[in-house]
Amino acid sequence: MLVVMKADATKNDIDRVVSIIHELGYRAHPMAGATRTAISITGNQGAVDATHFENLPGVAETIRVTKPYKLITLDLRPEKTVVRVGDATIGGEELGIIAGPCAIESRTQALTIAKAVHRSGARFFRGGAFKPRTSPYSFQGLGEEGLKILAEVRDTYGLKIVTEALDVAGVDLVERYGDMIQVGARNMQNFSLLRRVGRSSLPVLLKRGLSATLEEWLLAAEYIMAEGNYQVVLCERGIRTFAQHTRNTLDLAVVPAVRAISHLPIIVDPSHGTGKTAMVTPLARAGVAVGSDGLMIEVHDEPENALSDGPQALTLEQYDQLVHEVRAIHEAIAPVLVS
Ligand code: PEP
Ligand code: MN
């Protein structure tokens with residue numbers, strides 16, 4: 001159930017609704033919007049009795065939730081969520097660019113790439129310290145040593161660090177060194193991991209599973225939010241289809257599809273979404289044109305020697321050119337975008 005407060009409801013009115021929800025043994029999720037606060041209720045098995053709330057001061061109406069979503073939905077929060085990572089944002093006016101290598105390979109590699117990412121004006125640096133590789137014999141990442149290098153990148157360039165936690169234990173480590181926790185495509189339905197990052201104070205980048213429907217993806221975001229972490233960014237990274245000309249099929253139609261349902265920001269990853277360097281920039285342009293809130297781009301100073309995902313990495317020069325192009329598109333469409 002959703003308890004919608006009146007525009008002039010006081011903090012006391014809201015607190016009262018929240019404490020009644022707690023007394024009933026449920027969890028309250030108040031979301032302040034531009035015009036009103038709405039409070040979603042989770043933790044109930046059956047229907048919640050609306051008479052608990054209907055006549056309370058400040059309550060405008062109660063709405064029974066018939067959709068599978070309680071928290072990601074525009075019904076709860078009609079305005080877009082802006083995810084804040086320190087002084088950087090995703091989902092606001094700025095185009096959120098997260099760039100860096102697939103994996104952290106060495107201090108020199110990371111700092112060389114980070115210098116270019118910083119120079120481009122991007123606010124976020126990516127790089128895996130724990131890598132989910134298809135083969136157990138492939139490079140698995142530097143582990144905690146990689147995280148320490150990432151922390152040095154942050155200290156040197158002020159970039160926000162986005163890095164993947166592969167499992168529940170890894171979240172503790174990422175919390176120690178990073179600024180935003182990436183949940184990878186292969187973990188999109190790892191429910192214990194989703195619950196754990198839902199209890200983190202760091203924002204979460206939730207990649208779409210390789211075969212996930214939109215509903216499954218949004219319900220994965222619900223898992224995180226239901227634990228109280230509302231700072232979630234969705235990332236479209238391509239899905240499995242019969243297409244053989246790309247590594248994955250980048251589903252750009254999912255951007256407006258998400259917009260029609262959810263207030264959460266969504267970014268596009270054309271690197272994993274195509275798997276081919278030559279296709280990354282064209283699809284990045286398209287991702288921005290379709291209205292995404294940002295991009296995740298893999299960049300390497302020596303793609304031919306990369307320990308993972310070299311065939312989809314941009315060189316530093318190609319990356320610079322990409323940023324130049326997508327910023328022009330973003331500036332051109334921003335004034336005409338309604339959402
Ligand atoms: C990555 O970002 O390097 C990665 C492994 O992504 P995905 O989970 O989308 O495959
Ligand atoms: Mn990768």
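Whatever order the structure lists them in is the order used to number ligands and atoms, beginning at 1. Values below: every heavy atom of this structure, side chains too, minus hydrogens, waters and symmetry copies.
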task: Please confirm whether Ala185 comes within less than 3.5 Å of ligand 1 when only nitrogen or oxygen atoms on both sides are compared.
output: yes
message: Among the N/O/S atoms of Asp309, which is closest to the Mn ion (ligand 2)? Give the atom name.
response: OD2
- request: Determine which of the N, O or S atoms in Glu298 is closest to the Mn ion (ligand 2) and give its atom name.
  value: OE2
message: Pairing donors with acceptors under 3.5 angstrom, does anything connect the side chains of His272 and Glu298?
response: yes
query: Which of the numbered atoms in ligand 1 are below 4.0 angstrom from a heavy atom of Gly184?
result: 8 (O)
query: Is a side-chain donor-acceptor pair under 3.5 Å present for Arg196 with Ser192?
result: no
- request: Look only at the side chain of Asn229 and the backbone of Gly198, and say whether a donor-acceptor pair between them is shorter than 3.5 Å.
  value: no
message: For a quick check under 3.5 Å, do Ser120 and Tyr319 share a side-chain donor-acceptor pair by atom type?
response: yes
message: For atom 2 (O) of ligand 1, what is the closest protein heavy atom, and at what distance to 0.1 Å?
response: Arg126 NH1, 2.7 Å
task: Number the atoms of ligand 1 from 1 as they appear, then name those within less than 4.0 Å of a heavy atom of Cys102, with their elements.
output: 3 (O)
query: What protein heavy atom sits nearest atom 6 (O) of ligand 1, and how far off is it?
result: Lys207 NZ, 3.0 Å
message: If I consider every N, O or S atom in His272, which one ends up closest to the Mn ion (ligand 2)? I only need its name.
response: NE2
- prompt: For ligand 1, which atoms sit closer than 4.0 Å to a heavy atom of Lys131?
  reply: 1 (C), 3 (O), 5 (C)
query: Do Asn12 and Thr10 meet the criterion of a side-chain donor-acceptor pair at a distance under 3.5 Å?
result: no
query: For ligand 1, which atoms have a heavy atom of Glu298 less than 4.0 angstrom away?
result: 1 (C), 3 (O)
query: Is the side chain of Asn190 donor-acceptor paired with the backbone N or O of Leu193 at a distance under 3.5 Å, no angle test?
result: yes
statement: Out of Gly141, Pro132, Gly127, the nearest non-hydrogen contact to atom 5 (C) of ligand 1 is supplied by Pro132
- prompt: Is the His29 ring parallel, tilted or perpendicular to the Tyr230 ring (thresholds 30°, 60°)?
  reply: perpendicular
message: How far is atom 4 (C) of ligand 1 from the closest protein heavy atom, and which atom is that?
response: His272 NE2, 3.4 Å
query: Of Glu61, Met1, Met5, Arg16, which meets side chain to side chain contact (heavy atoms under 4.5 Å, CB included) against Phe53?
result: Met1
field: CZ/Arg84: more than 12 non-hydrogen atoms of other groups inside 6.0 Å
entry: no
- request: Considering only non-hydrogen protein atoms, determine which one is nearest to atom 9 (O) of ligand 1 and report residue, atom name and distance to 0.1 Å.
  value: Arg237 NE, 2.6 Å
